Amino acid sequence: MDYDFRSIESKWQAWWAANKTFKVVEDPSKPKYYVLDMFPYPSGAGLHVGHPLGYIASDIYSRYKRLKGFNVLHPMGYDAFGLPAEQYAIQTGQHPEVTTDKNVARYREQLDRIGFSYDWDREVRTCDPDFYKWTQWAFLQMFSSWYDPELDKARPIEELIRKFETTGYGDVTKEQWKAASEKEKSDILMGYRIAYQGETSVNWCEGLGTVLANDEVKDGLSVRGGFPVEQKKMTQWQLRVSAYAGRLLDGLEKLDWTDSLKEMQRNWIGRSEGTEMVFNTLCDGREMPVTIFTTRADTIYGVTFMVLAPESELVPQLTAADRKAEVEEYLAYVKKKTERERIAETKTVTGVFSGSYGINPVTGEKVPIWISEYVLAGYGTGAIMAVPAHDSRDYAFARKFDLPIIPLIEGCDVSEESFDAKDGIMCNSGFLNGMTVKQAIEAAKDYVEAHGLGHRKTNYRLRDAIFSRQRYWGEPFPIYYKHGIPTPLPHDELPLRLPEISSFKPSANGEPPLARAKDWNWKGWPLEKSTMPGFAGSSAYYLRYMDPHNDQALVSRDADTYWRNVDLYIGGTEHATGHLIYSRFWNKFLFDLGYVCEDEPFRKLINQGMIQGRSSFVYRVVGTNTFVSAGLKDQYQTTEIHVDINLVRNDRLDLEGFRNWRPDFADAEFVLEDGEYICGWAVEKMSKSMYNVVNPDDICDTYGADTLRLYEMFLGPLEQSKPWDTKGIDGVARFLKKFWRLYTDREGFIVTEEKATPQELKVLHKLIGKEQEDIENFSFNTTISAFMIAVGDLASLDCHKREILEPLCVLLSPFAPHISEELWHLLGHEGSISDARFPEYVAAYTVEDSVTYPVQFNGKMRFTVDLPRSASPAEVEAAVRGMEQTAKWVGDKAIAKVVVVPGRIINIVVK
RNA sequence: GCCUUGGUGGUGGAAUGGUAGACACGAGGGACUUAAAAUCCCUUGGCCCGAAACGGCCGUGCGGGUUCGAGUCCCGCCCGAGGCACCA
């Protein structure tokens, strides 16, 4: 009876689907466990072998947790709104919905072949109106809320309106509020809403015709498409993520995420604790206070000039009449630079003198005010005090424009570079003299506050998220403009569906595609024409899985209090500063309003590494159609050419296949080494253009899904990036065959009912212990090694016993579910193996012959000693004494005393 | 520049401070076979001695240190990967 993985796998996949084996319902009698994958964007290229890595890992863990008695929620869905479908639509006129449906179907087919234990009844798609109804709903909740800094949480906007009406709030008195028009009131409230409309400098991408969020831009280019991005002032919908900066930062503490990921988020949020200080300024005889932000108030005695950001609103007011021409020239120069140029030229120092002066509030000294692009308008106050001795940017500026540099730390050398370090003893600093820098920072802050010169201030780098996109394929905003005032649609109008339009391009006058829709208005009022960005739909999808068909709420209270939040989230690290920030923000917002019961969405998070491609190369001798083998290429002048990895096995090129691959290689000649053509190789991104894409379907065809699952895990640690190299796959394929053959022969199943020997049980128990420990540490590669050893041991013991096979199937089922189900079934079981329980070492399979005792010497050195379970402490001690011989590396003086302590740790104290 | 990681055979990778290289691939040799595939067995970090050995020496990026003992811990370098980067 051969191991016919094709029929076994299709049989069980059909069986699971027909019996809804993995359907899950809330069950208060069982502990819950929520395992989530980052849902994929269904691209036209389909899945390659790298995509399922994380899905396999989460599936193994889900299946393991089920065997451990947990009620496991393990859903899957699609992040289906997005740019590629829309761009494809622009090119072909094909509706994005059509291509998306097609791609989803293909993804599903590919996923099904790998044997995942998803509850497909809970599938979600972000582009489904029943889903985006709740994305729109959440947006309206944000629109109708403000962030109350006193309670440090979001509250309904009505509470703020009441404040305006009764006492006034912020800069607005109750009289002003009462006198304000509807439009003015709307504008005031916009300054507080969590989802608000406002003019800011945005990342405008001409190539895509839309604005982008900060995390969608890298090195001045759009992440999708790689088009240049420029800064532009525009009115856009935004989410007040910055209000949550502190909580997003503090919340990281209690999360079980990797340090590197937390660090990335910390960097992105960028807390800095400093001081806001007011400098009086003089411009053409006029006086004006200017607030600056600094983290180094202690360096106040070293201020030799001030700098404004070119975009700062203060620039026109602080430009002296006789400097106007120069300043305007500089502003024009800065403005025409693209974001990319600015980044590229960070080393070059530019700036212009404004003609005005600032007065140091502590020393009373008069310093010039400059304008330079190294100061950013969007951070702090857009104005700084410059201390060239102790800030490298100020230093470079001072050197370039020949401004004075005053050192403030004893013995520091500022002749070549600034002294940025925060240590040393202060000098030239009045009341701070003699203090250490750390003391001085605090003392200076106190001084500033005590003398009314300013106050302590915490700044964050995290900006509000730009929330509108000038695109078609996204969620429409449930907003209409009544007399020009943005107004929410009533709740029963949700979902506001995407309209049909004839072309997906922006309209001729530069408006978003939705401007092309007929009747894009509500009761005659125009509807918002931009749509929401990609992260809108992915920010709360994990909540929707808990209760995916509910049309009354995003998630019912019952479902939410049962499932609470995601226990294990697996996905790529590329979402560190995008999705994972937005989701946390979104969740905290819903938490504030009492819609969800947990304030963090993802308890534990694992970043699976990327699977890279392993490209193969051939070497063509320049000007010929002759190809030399890799080992000989240095003797010729050659060009490296990517060759399809399907034509290469173990780095050997299939010569015939190569000639048939492309017409221009039809008459290729080869220079071989040892009769073979050896290809060169390199690790690169897996992509079509490098001919190194491996499709999981092909692996399932030739090796089977169980082999694919095992191999992906066997490749190395989950979190590490690694190249895919099919050549190792034979090892795990052989293992499965060996396992199968252990319990089958030519005729069929050969399991015996004999009682297992202690030796056989020991093999099993070792495996149980190892697997349990490894799975909890997500060390799946070593678990698989343990299986290989166990099966090898059992084969050499010639063990075909039910008593061993039965638990073995259960142990293997998270990794290789199909073969396990089949053997489980052959053993006479009716249902799915997923209803079995993970074998317990002590309870179900108590070992009779021996138990392993760890032995420590001096609390450090360790051995193990195997003894009968019934051994008395005296016998244990005697056995350990016998081990003195084994402890040869300790030397003669090693062992003095054996102590048996409770918990069966034997402590040997070395004298 | 800053932060986070990592550096072990021909390759992927194992090693709670305790015999480094588990497991697997590849390679070499052998068995079975008319042959191939499949399968099975042996060898496989380097060097040296030997008839043989459970023989010796060297080996985890480099240099120091702690320890009876270091791939693992500490200090200082070098290199790779990822993130942040005029954030005052």
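Here is how names work: the chains are called A, B, and so on, in the same order as the sequence lines, proteins then strands, and each is numbered from 1. Keep in mind that what you see is a predicted model, and the values were worked out from it rather than measured.
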task = Write down the atom of N781(A), the atom of P717(A), and the distance for their closest heavy-atom approach.
result = ND2-N, 3.8 Å

task = Select one nucleotide: of C84(B), A88(B), C86(B), the one nearest the side-chain heavy atoms of E373(A).
result = C86(B)

Pairing partner (Watson-Crick or G-U wobble, both distances under 3.5 angstrom) of G45(B) = C58(B)

ask   = If we take the C1' atom in both G9(B) and C58(B), what is their distance in whole Å?
value = 15 Å

ask   = Could you state the interatomic distance from CD1 (I775(A)) to CG (L811(A)), rounded to the nearest 0.5 Å?
value = 8.5 Å

inquiry  = By nearest heavy atom, map K737(A) and F293(A) onto RNA chain B; which one lands nearer the 5' end?
reply    = K737(A)

Short side-chain N/O contact from S272(A) to OP1 or OP2 of A88(B), under 4.0 Å = yes

request  = Among A24(B), A22(B), C25(B), find the nucleotide with the atom closest to the side chain of R734(A).
outcome  = C25(B)

key: Residue matched to G9(B) through Watson-Crick or wobble contacts both under 3.5 angstrom   = none

task = State whether Y374(A) places a side-chain N or O below 4.0 Å from either non-bridging phosphate oxygen (OP1 or OP2) of A88(B).
result = no

key: Side-chain N or O of R461(A) closer than 4.0 Å to phosphate OP1/OP2 of A85(B)   = yes

request  = In whole angstrom, give me the gap between the P atoms of U72(B) and G17(B).
outcome  = 11 Å

request  = Name the orientation of the base relative to the sugar in G63(B): syn if the glycosidic angle is within 90° of 0, else anti.
outcome  = anti

query = Mapping R296(A) and T573(A) onto RNA chain B by nearest heavy atom, which one lands closer to the 5' end?
reply = T573(A)

inquiry  = Using the P atom as the point on both nucleotides, what is the distance between G55(B) and U4(B), in whole Å?
reply    = 46 Å

query = In whole Å, what separates the C1' atom of A15(B) from that of G30(B)?
reply = 32 Å

key: N or O in side chain of Q720(A) less than 4.0 angstrom from G82(B) OP1/OP2   = no

key: Opposite nucleotide pairing with U67(B), Watson-Crick or G-U, both atom distances under 3.5 Å   = none

message = Is any side-chain heavy atom of T707(A) closer than 4.5 Å to one of L710(A)?
response = no

request  = Looking at every strand, decide which applies to D394(A) at a 4.0 Å heavy-atom threshold: base, sugar-phosphate, or nothing.
outcome  = nothing

remark   = Side-chain contact check for D391(A): nearest option of A24(B), G83(B), A88(B) is A88(B)

inquiry  = Using the side-chain heavy atoms of N781(A), tell me which of these nucleotides is nearest: U5(B), G13(B), G83(B).
reply    = G13(B)

message = Side-chain N or O of R741(A) versus OP1/OP2 of C40(B): is the shortest distance under 4.0 Å?
response = yes

task = Ignoring the backbone of I384(A), work out which of A88(B), C23(B), G83(B) is nearest its side chain.
result = A88(B)

message = Distance check needed: A38(B) P versus L736(A) CG, whole Å only.
response = 17 Å

inquiry  = Check R6(A) with D4(A), please: is the shortest side-chain N to carboxylate O separation under 4.0 Å?
reply    = no

ask   = Between C78(B) and G69(B), how far is it from one P atom to the other, in whole Å?
value = 29 Å

message = Using a heavy-atom cut-off of 4.0 Å across all strands, would you classify K262(A) as base, sugar-phosphate, or nothing?
response = nothing

task = Starting from P on G13(B), measure out to NZ on K727(A) and report it in whole angstrom.
result = 12 Å

ask   = If pairing requires Watson-Crick or G-U wobble contacts with both distances under 3.5 Å, which nucleotide is the partner of C32(B)?
value = none

query = Can you check the D730(A) CG to A37(B) P distance for me, whole Å?
reply = 13 Å

query = What is the nucleic acid contact for P717(A), judged by heavy atoms within less than 4.0 Å: base, sugar-phosphate only, or nothing?
reply = sugar-phosphate

query = Please give, in whole Å, the distance from A22(B) C1' to F735(A) CZ?
reply = 16 Å

query = Given that both distances must come in under 3.5 Å, which nucleotide forms a Watson-Crick or G-U wobble pair with A53(B)?
reply = none

inquiry  = Would you say the rings of Y711(A) and Y703(A) are close, in the sense that their centroids are separated by under 6.0 Å?
reply    = no

ask   = Are the side chains of I369(A) and L308(A) in touch, meaning some heavy atoms are under 4.5 Å apart?
value = yes

task = Please confirm whether R584(A) makes a cation-pi placement over W268(A), using NZ or CZ under 6.0 Å from the six-membered ring centre and within 45° of the ring normal.
result = no

request  = Establish, yes or no, whether the cationic atom of R614(A) lies under 6.0 Å from the six-membered ring centre of W724(A) and within 45° of the ring axis.
outcome  = no

request  = Taking atom P in both C42(B) and C79(B), compute the distance separating them and give it to the nearest angstrom.
outcome  = 45 Å

message = Using the P atom as the point on both nucleotides, what is the distance between G46(B) and G28(B), in whole Å?
response = 16 Å

message = Can you measure M610(A) atom CE to G82(B) atom P for me and round it to whole angstrom units?
response = 8 Å

query = Looking across every strand, which nucleic acid part, if any, lies under 4.0 Å from S260(A) by heavy atom: base, sugar-phosphate, or nothing?
reply = sugar-phosphate

task = Please report, rounded to the nearest Å, how far the P atom of C2(B) is from the CG atom of D259(A).
result = 20 Å

request  = Please state the P separation for the pair C84(B) and G10(B) - nearest whole angstrom.
outcome  = 36 Å

ask   = Mind checking who C84(B) pairs with, Watson-Crick or G-U wobble, both distances under 3.5 Å?
value = G1(B)

query = Separation of M788(A) atom CE from C25(B) atom C1', in whole Å?
reply = 10 Å

message = Side chain of E263(A), heavy atoms from C-beta onward: which of A14(B), C23(B), U4(B) has the nearest atom to it?
response = U4(B)

I581(A) CD1 to G83(B) P, straight-line distance once rounded to whole Å = 16 Å

query = Heavy atoms under 4.0 Å, any strand shown: does K770(A) hit a base, just sugar-phosphate, or nothing?
reply = nothing

remark   = Side-chain contact check for K722(A): nearest option of G13(B), G83(B), A14(B) is G13(B)

ask   = Do L742(A) and I750(A) come within less than 4.5 Å of each other through their side chains, counting heavy atoms only?
value = no

